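Working notes for the structure below.
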Amino acid sequence: MKNLVIFGAPGSGKGTQSDLLVAKYGFKHISTGDVLRGEIKKGSELGQTAKSYIDKGQLIPDSLMIDILAATYDALCPCEGVIFDGFPRTIPQAEALKSMLAERHTQVAGMLELQVPNDMLMERLINRGKTSGRADDNEETIRKRLTVYEDQTKPLIAWYEKEGLRHAVKGYGALEEINAALCEVIDSL
Ligand code: AMP
């Protein structure tokens, strides 16, 4: 079983690349953003709570997010492998993922970091906002999400480096090239 974390700033292409990897390797895909948007659509209590954070570009509290992740994982697995997309976003989440997987006798095989310059992220997200229908793809919320990424999520790069799991890949240029670089890392794990 190969558990992978696809990592990067908002707009770095995690979702797009995850779809390509799922098609190639048959992994399950857990996008915590998609899970939360699904709950919002259903109008559940969890969805209402999530919406109050998402609309402000803030992160959902770790304790809640960790429970959601474990429930989502257990509904999908055991399986060939999982791509975690949008989780972890904080160091406590990374620690929780590590222990959750250890309890299930598995572990993260690698963290794949998509590197994209900041000005490109902004441009991609603004463009995405024209068609995504996502309430958080507007300029003000995008800026907030990028700041939250810098402050709370970026420290995970050093955390995964220390774990010996970090693999950085150029996250711009042709989609196929980015995908090929990711596949090369995955095949080496
Ligand atoms: P995403 O689709 O990954 O860009 O996530 C959209 C929004 O969902 C984020 O801006 C957060 O408000 C929330 N979210 C998604 N994943 C997490 C997470 N792991 N921890 C906290 N909040 C999250």
Side-chain angles (χ1 to χ4, degrees), residues 3-22 27-76 82-101 108 111-116 118 120-157 159-160 165 171:
N3 298 305
L4 303 165
V5 171
I6 191 152
F7 184 89
S12 59
K14 300 187 293 296
T16 306
Q17 288 298 330
S18 294
D19 290 343
L20 296 172
L21 296 176
V22 165
F27 297 137
K28 302 285 184 193
H29 177 210
I30 299 183
S31 155
T32 44
D34 284 350
V35 171
L36 297 170
R37 283 185 288 275
E39 292 295 325
I40 294 174
K41 227 182 209 162
K42 274 196 262 169
S44 67
E45 202 175 309
L46 170 59
Q48 284 176 26
T49 307
K51 187 169 165 39
S52 65
Y53 292 96
I54 292 177
D55 286 355
K56 285 185 239 151
Q58 294 170 354
L59 296 184
I60 276 75
D62 284 337
S63 56
L64 181 57
M65 216 49 240
I66 289 163
D67 288 348
I68 296 169
L69 195 268
T72 309
Y73 180 88
D74 287 337
L76 288 175
V82 173
I83 301 182
F84 294 96
D85 163 7
F87 191 102
R89 263 180 155 95
T90 63
I91 288 177
Q93 289 184 15
E95 284 165 348
L97 178 62
K98 187 175 174 177
S99 27
M100 184 200 89
L101 293 176
V108 170
M111 177 268 220
L112 312 170
E113 179 196 342
L114 291 169
Q115 295 184 317
V116 179
N118 272 345
M120 228 181 253
L121 295 172
M122 192 71 206
E123 192 186 309
R124 283 188 188 180
L125 289 164
I126 288 185
N127 277 332
R128 185 173 83 183
K130 291 175 190 159
T131 54
S132 71
R134 276 179 56 164
D136 59 347
D137 279 345
N138 64 77
E139 191 161 344
E140 190 190 336
T141 314
I142 291 168
R143 280 192 202 287
K144 174 72 187 162
R145 286 159 63 209
L146 291 173
T147 308
V148 166
Y149 170 77
E150 287 291 324
D151 296 345
Q152 299 187 54
T153 306
K154 217 173 178 179
L156 284 172
I157 295 175
W159 193 90
Y160 275 111
L165 294 173

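No hydrogens, no waters, no symmetry mates; every other heavy atom, side chains included, goes into these values. It should be emphasised that the depicted structure is a prediction, and the values quoted were computed from it without experimental measurement. Start at 1 and go down the list; that is how both ligands and their atoms are numbered.
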Quick one, E150 and N118 - any side-chain contact, counting heavy atoms below 4.5 Å?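 The answer is yes, as the side chains (C-beta and beyond) meet within the 4.5 Å cut-off.
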
Please examine the side chains of T141 and D137, heavy atoms only from C-beta on, and report whether any two atoms are closer than 4.5 Å.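 When only atoms from C-beta onward are counted, T141 and D137 do not touch, as no gap falls below 4.5 Å.
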
What pairs meet the salt bridge (charged side-chain N to carboxylate O under 4.0 Å, His left out) rule with one or both residues in residues 40-49, with sequence neighbours excluded?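 Non-adjacent pairs meeting salt bridge (charged side-chain N to carboxylate O under 4.0 Å, His left out): E39-K42.
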
Taking salt bridge (charged side-chain N to carboxylate O under 4.0 Å, His left out) as the cut-off, I'd like each qualifying pair that reaches into residues 82-95, sequence neighbours left out, listed once.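 Output for this query is empty, none listed.
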
Got a second to check how far M111's CE is from I157's CD1, nearest 0.5 Å?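 One finds 5.5 Å between CE of M111 and CD1 of I157.
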
What does the 4.0 Å heavy-atom contact list look like for ligand 1?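 Residues T32, G33, L36, R37, I54, Q58, L59, I60, M65, G86, F87, R89, Q93, R134, D136, R145 each place a heavy atom under 4.0 Å from ligand 1, listed by chain and number.
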
Taking only residues at least two apart or on different chains, which pairs with a member in residues 63-74 satisfy side-chain hydrogen bond (donor to acceptor under 3.5 Å, both in side chains)?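 For residues 63-74: D74-R104.
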
